[in-house]
There are 2 protein chains.
Amino acid sequence: MPRAGLTPAAVVREAAVLADEVGYDRLTLAALAGRLGVALPSLYKHIKGADDLHRKLAVLVTTEVADELTTAAAGRAGGDALCAVATAFREYARRHPGRYVAAQRAPDPADPEHLAAAERAVGAVYAILRGYGLTGDAAVDATRMFRAAVHGFITLEAAGGFGLPREIDRSFDQMVSALDTAYRGWRSR
Amino acid sequence: MPRAGLTPAAVVREAAVLADEVGYDRLTLAALAGRLGVALPSLYKHIKGADDLHRKLAVLVTTEVADELTTAAAGRAGGDALCAVATAFREYARRHPGRYVAAQRAPDPADPEHLAAAERAVGAVYAILRGYGLTGDAAVDATRMFRAAVHGFITLEAAGGFGLPREIDRSFDQMVSALDTAYRGWRSR
DNA sequence: CGCTGAAAGCTAATGGTATTAGCTTTCTGG
DNA sequence: CCAGAAAGCTAATACCATTAGCTTTCAGCG
């Protein structure tokens, strides 16, 4: 019987594909093993268990998101950058609904790779806000607002939480525009 | 052997308590049955299964949230109302972390009770925005932004997604304040 | 070229969860 | 008081995750 030639990275990559296909909550070791053409316990040669898989998946996705946000922000500033990053984030989530859920797991403080990826993703937003003249506590607050609004919008949209017929794209654009306005006039209160 | 005297409502209520104690993802029929002093299959006399329980729990929680938001908004308007409702929402989530997750399930279009509760919760926000002179599409967009921002903030906070030492309460107040400013100057773009 | 050991893969066994079937017991209403 | 509806039970089935222990493959080294 030939070997499948798996590696931890290959397992996690396939888990990402599977999560997008069937949903994060239906990402199961049994289904993953089947997909990889391997018996379920064989996975344990590459991952420590289901929880470890979820952790590794969070690292992968956070890294991917950080890359996309950084790329989207490159060469832009102000409202332009804000819109590009927000849109890139939302489109990533629409393209990869399973992955997106996986990324919600907070980094283990002892995992430098995960911490670095999260830092990079948040840093892309933080940098844009510097362009608005926001620094220190104000920049932290503004970054948190951006993350909350965009993440909240994405999850509500994905959950089907926006029932009314009004186009969701336009509501998103309006929100980003309102954020831009808020950042222009940001003041310590 | 005496009867436990369960009802569907009693089962759902206990599920809510259990979810808050152990987390929504660890809310299991086995644990729930144990808590109610009953064998697991006995639950099927009151709920159709795990999915049905989750649905009923979502209805209960959405109703509770609608009540709290309505109460918080009563007798207030403008930024005052905005802050009261946002804070009530966040505090509900902190008090009931398991319930809060349960409420993220969108209503089944064929479930009038669930739809009505969700309508009532959203309506509390919508009414406040009318006080800002927002109607029609603008009010829909503004309501969606409010929900996204507050919901996103709550979930990020609950997930431990805010790593920096800056106090989270202050970031939340700043966000609500920024929303107030955005609504004052809202314009179609 | 063959041997050897690490590691990839397997089967089997265990324990947890949800679900269904079918039986027993308890209330309640006529 | 008794008859039936419904609450509760046990047993059986089917997933899923995990651990233990065995077999096989492959790569490196003499």
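Labels below follow one simple rule: chain letters A, B, ... track the order of the sequence lines, proteins then strands, and each chain is numbered from 1.
Under a cut-off of 6.0 angstrom, the local environment of CZ in R26(A) is sparse, with at most 12 non-hydrogen atoms contributed by other residues, nucleotides or ligands. In E113(A), the CD atom is not crowded: 12 or fewer heavy atoms of neighbouring residues, nucleotides or ligands sit closer than 6.0 Å.
A distance of 6.0 Å or more separates the ring centres of F172(B) and F162(B). Residues H96(B) and Y100(B) place their aromatic rings such that the two centres sit no closer than 6.0 Å.
Whole-Å rounding puts the I47(B) CD1 to dT19(C) C1' distance at 11 Å. The separation between L43(B) atom CG and dT10(D) atom P is 13 Å, rounded to whole Å.
Each side chain to side chain donor-acceptor pair (under 3.5 Å) pair with one or both residues in residues 101-110 of chain A, not counting sequence neighbours, appears once here: D51(A)-R105(A).
Checked by atom type, the side-chain pair T155(A)/H151(B) shows a donor-acceptor distance below 3.5 Å. In this structure, a donor-acceptor pair under 3.5 Å is present between the side chains of D180(A) and Y132(A).
Contact check on R170(B) versus D141(A) returns no salt bridge, with no Lys/Arg side-chain nitrogen under 4.0 Å from an Asp/Glu carboxylate oxygen.
The overall bend of the helix from dC1(C)-dG30(D) to dG30(C)-dC1(D), read as the angle between its terminal helix axes built from five base pairs each, is 10° when rounded to 10 degrees.
For H46(A) and dG9(C), the shortest distance from a side-chain N or O to OP1 or OP2 is below 4.0 Å. Taking 4.0 angstrom as the limit, S42(B) places none of its side-chain polar atoms (N or O) nearer than this to OP1 or OP2 of dA7(D).
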*Could you encode protein contacts along nucleotides 12-21 of chain D as a string, one character per nucleotide from 5' to 3', using B for base contact, S for sugar-phosphate-only contact and - for no contact, with a heavy-atom cut-off of under 4.0 Å?*
----SSBB--
